[in-house]
Amino acid sequence: MSMFKKKRGKANPAISTASLPDIIFMLLFFFMVVTKLRDAELKLNINTPSATELTKLEKKSLVNFIFVGTPTKKYQDTYGTSPRIQLGDKFAELDEIAKFVEEHRLSLDEKQRPAVISSLKVDGETTMGIVTDVKTELRKANQLKVNYSAKPADKR
Amino acid sequence: MARKTRSAPEINAGSMADIAFLLLIFFLVTTQISEDKGVLVKLPPWSNEPPPELKLNERNVYSVLVNSANQLLVRKQPMQIDALRKNAKEFIMNPDQRPDMAEMPTKAIISIKTDRGTEYGTYLEVYNELKAAYNELRDEAARRRHNKSFEFITKDQQKAIRAEIPLVISEAEPTDLANE
């Protein structure tokens with residue numbers, strides 16, 4: 001009987017868990033790479049124009065994004081095909097820009113507020129009409145630092 | 001019976017770390033961290049009163065009009081966008097002291113006027129070309145004076161050159177001639 005028991009114990013060796021951390025790390029890295037750090041879903045088609053005289057946006061926390069472009073296929077039934085504005089993750093009207101900028105400013109330290117930059121991500125094929133309206137709203141909200149988002153182009 | 005008694009051979013896990021590192025390096029190399037870049041602009045403050053009528057000497061104003069068909073009219077002459085940078089540089093510096101160009105770089109004013117139907121892409125291209133013209137002029141000035149490119153000279157030297165060649169771009173309210 002004792003012999004029988006011995007045999008059974010030998011047949012079930014402990015599985016080595018030494019490689020478990022590696023597997024976990026691998027998964028971690030995989031997800032770190034794949035995950036996009038974007039909090040807002042883009043509901044517009046935006047293909048920014050290219051430019052050469054670019055400035056980097058340094059501090060992400062001091063930047064608020066205003067998107068302008070035509071709604072993507074999914075939203076065309078409800079919002080049509082003419083250019084629209086997106087603030088955060090939802091469609092917005094012109095008069096909501098001032099409130100949006102002010103809310104972002106209030107979330108920051110008083111010292112940092114003058115350094116706030118509005119990044120305009122505008123589709124290259126949008127007409128200037130809506131862009132000018134957005135700019136006017138920003139001026140009215142006293143948000144004067146603006147960055148026209150663009151792709152880097154080769155220097156001529 | 002002999003099969004059952006044999007224990008399962010242990011798998012060598014020593015190379016696991018290598019595989020993990022290989023994958024890590026692969027992803028590190030292949031991913032591009034998307035940077036947010038763009039053309040930085042300072043808008044003029046808003047006021048409800050109409051801006052005061054400024055008497056400007058016409059020779060100092062470099063007017064760029066863009067219509068709804070994305071065509072350029074520069075100082076009443078049609079122009080291609082590729083020629084804009086060179087033309088603007090000549091206008092600002094006025095090397096031949098021509099009477100119809102800017103008296104001094106400090107007095108030169110660039111005026112952009114678009115239509116509500118102009119494409120944003122064209123507008124940004126025009127803006128970019130004009131900004132590039134200024135940046136090139138500053139760079140040339142830095143090379144002449146300090147024998148270095150503009151970005152490598154000291155802050156004070158940069159400030160001095162910036163004061164000599166100030167970037168003044170004024171944007172007029174767009175016209176509303178075409179359907180958007």
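Hydrogens, waters and symmetry mates play no part in the numbers below; they use all other heavy atoms, side chains included. Letters A, B, ... are given to chains in the order of the sequence lines, protein chains preceding strands, and every chain is numbered from 1.
Using a 4.5 Å cut-off between heavy atoms, B/Thr114 contacts chain A through its side chain alone, with no backbone atom that close. Looking at B/Leu40, both its backbone and its side chain come within 4.5 Å of chain A, counting heavy atoms on both sides. At a 4.5 Å heavy-atom cutoff, A/Glu58 makes no contact with chain B through either its backbone or its side chain. For chain B, the nearby part of A/Val131 is the side chain; its heavy atoms alone come within less than 4.5 Å. Neither the backbone nor the side chain of A/Asn47 comes within contact range of chain B, judged by heavy atoms closer than 4.5 Å.
A side-chain N or O of B/Gln157 and one of B/Thr154 form a donor-acceptor pair less than 3.5 Å apart.
Between the side chain of B/Asn94 and the backbone N or O of B/Ala102, at least one donor-acceptor pair lies under 3.5 Å.
Of residues 95-117 of chain A, those residues with a non-hydrogen atom less than 4.5 Å from any non-hydrogen atom of chain B are, in numerical order, A/Ile117.
When hydrophobic residues (I, L, V, M, F, W, Y) are linked wherever their side-chain heavy atoms come within less than 4.5 Å, the members clustered with B/Leu73 are B/Leu65.
Of the listed residues A/Arg139, A/Lys140, A/Glu125, A/Lys145, the one with more heavy-atom pairs under 4.5 angstrom with chain B than any other is A/Arg139. Put simply, of A/Val68, A/Leu120, A/Leu138, A/Val122, the one with the most heavy-atom pairs under 4.5 Å next to chain B is A/Val122.
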I would like to know whether A/Glu53 and B/Asn135 meet side chain to side chain donor-acceptor pair (under 3.5 Å); could you show each step before the answer? CA-CA 8 Å; A/Glu53 313 305 307; B/Asn135 285 346; 2.6 Å; yes
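Rounding to the nearest 0.5 Å places CD1 of B/Ile153 at 8.5 Å from NZ of B/Lys148. A/Arg84 CZ to A/Gln76 CD: the interatomic distance, rounded to the nearest 0.5 Å, is 12.0 Å.
A salt bridge links B/Lys76 to B/Glu58: one of the charged nitrogens lies within less than 4.0 Å of a carboxylate oxygen.
Partners of A/Ser149 according to the side-chain contact (heavy atoms from CB on, under 4.5 Å) rule, which considers only residues two or more places apart in sequence or in another chain, are A/Thr48, A/Ser119, A/Lys121, B/Asp36.
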Please list, one pair per line, the donor and acceptor atoms closer than 3.5 Å that link side chains of residues 158-174 of chain B to other protein atoms, with sequence neighbours excluded.
| unit_1 | atom_1 | unit_2 | atom_2 | d |
| --- | --- | --- | --- | --- |
| B/Gln158 | NE2 | B/Phe150 | O | 2.8 |
| B/Glu164 | OE1 | B/Arg145 | NH2 | 2.9 |
| B/Glu164 | OE2 | B/Arg145 | NH1 | 3.2 |
| B/Glu171 | OE1 | A/Lys135 | NZ | 2.8 |
| B/Glu171 | OE1 | B/Tyr123 | OH | 2.6 |
| B/Glu171 | OE2 | B/Tyr123 | OH | 3.2 |

